[in-house]
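Encoded as structure tokens, the structure appears first; notes follow it.
Chain letters run A, B, ... following the sequence lines, proteins first, then strands; residues in each count from 1.
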Amino acid sequence: MAAAIGDEPPLADAPLADAAAIRRAMEYYAGRDWTDGLPVVPVTESYLAEFLAQTGRDPDEVVLSMPHLNRQCTVRLAAINAGLAGCRPEYFPVVLAAWDSLRAEGYAGRAIWQSTTGTAPFLLVNGPVRGRIGMNAAGNVFGSGFRANATIGRAIRLTAINAFGLRPHQLDQATQGTPAKYTACIAENEEESPWPPLHADHGLDPSDSAVTAMIIRSCIHIEARHTTVPEQLALDLAGTISRTGALIHETISALVVLGPEHARVLAGAGWSKADLSRFIYDHAVRSRAELAAVGKDAIARQTRWRLPADHPDAIPDQAEMDGNPHRVRVLNSPGAVLVAVAGANNAGVSAVIETFGPRGGPPAVVRVEDERGTT
Amino acid sequence: MADGILLERAGVPAVSICTDSFLAPARAMAKVYGFPGFEFVTVPHPLASLDGAQIQARARDVLPGVLRILGPES
């Protein structure tokens, strides 16, 4: 167990360095706005080379383009920002896989991080790399305290700021944003999950390591500590997913992150992850009257965003067209709900991560290169 | 903003319109597109929650600014 500051004579074995020089370096980066507001780690050419040595890719290879800004992130820029974020060089293959996954996911390249919506990148890491670099999959999994989680997530956001210029009050027009914009990176608790890990559900071998990136809006916790009835728990999840406040588009999507205790309630009753997704799809429903009460009972002709039925641009939503107009599904398919397991096995607590867009297709699961730079 | 600049560069007269809440990002976008002096007009925020009559009022208010930038021959 690590000692707390104050337990020992302070700084007894700290490296000797000129604190004023360190502060000058920190202020240099802050003064150039190459930061999310927190201090960054200085990156020299030699330190950058340690990151680039972790991959077989050309430093000039593009990992993500934003054509509307005429800006690109290369392997080199991704490495510089991983260094600034506080990553150790051996985390870099995970950062690269995150960029590959964001490129495959699609929204990041299409101006979503400039939107008033205020979304954040979110990364789910699977496989043996979790243990190799010390990622947290258990207690406080959405919280602070673990360098790999904290800095890999931060590397993505710093790149958005520094390589793409998406600074708040400038090109980032988020109305409120989300605390997840500082960093949002978790590992799946595969060891305490009763099911195969998420990357194995989507064609990879469990011995592979993988990153699955999503664009997220909110992280909402589900308290259900005493239930052992799978339907009760699943209805609690469906009720949270179908909250009307989340409905900007006609339908929404989510990643359900079950605590191990909840996963075992479901698996113990014979439910698979697909069974849970199907149940939630069938029960994440709002009545037409409930939607009318909040002015979201129709959709706009062009954008298909929800608005009141008496709005001049309003057209009927899909539920209206399907012949069951009073029972409106908020998900387009069972695939719009992904399921993973993370957190400590110590209470009946789970979370719904609201992901951006209707989704429903396969998630952007990307394999992490091994140390030799091959996949 | 990008659409307005790209249309102008393609030879199509265009005027970008945004609400005053987007003044800073609009200017930043014009700079990204290498046109920091690009002229556009703003209307008071908000827009999305207005009714038809209010939208028409906004359009009437903004029209002189649009015509000034377009510079039509009288």
Note to self: Could you check whether atom CD of A/Glu61 has more than 12 heavy atoms from other residues, nucleotides or ligands sitting under 6.0 Å from it?
What the structure shows: yes
Next item on the list: State, to 0.1 Å, how close B/Val32 and A/Leu69 come at their nearest heavy-atom pair, and which atoms those are.
Entry: CG1-O, 3.5 Å
Item checked: Greater than 12 external heavy atoms within 6.0 Å of B/Phe38's CZ -> yes
Item checked: Crowding at CG, A/Asp322 (>12 non-hydrogen neighbours, <6.0 Å) -> yes
Margin query: Less than 4.5 Å to any heavy atom of chain B: does that hold for the side chain of A/Arg167, its backbone, both, or neither?
Written below: neither
Check: For A/Leu171 and B/Ala28, which heavy atoms make the closest approach, and how far apart are they?
Finding: CD2-CB, 3.8 Å
Next item on the list: Examine whether an atom of A/His68 lies under 4.5 Å from a heavy atom of chain B, and if so say whether it belongs to the side chain, the backbone or both; otherwise answer neither.
Entry: both
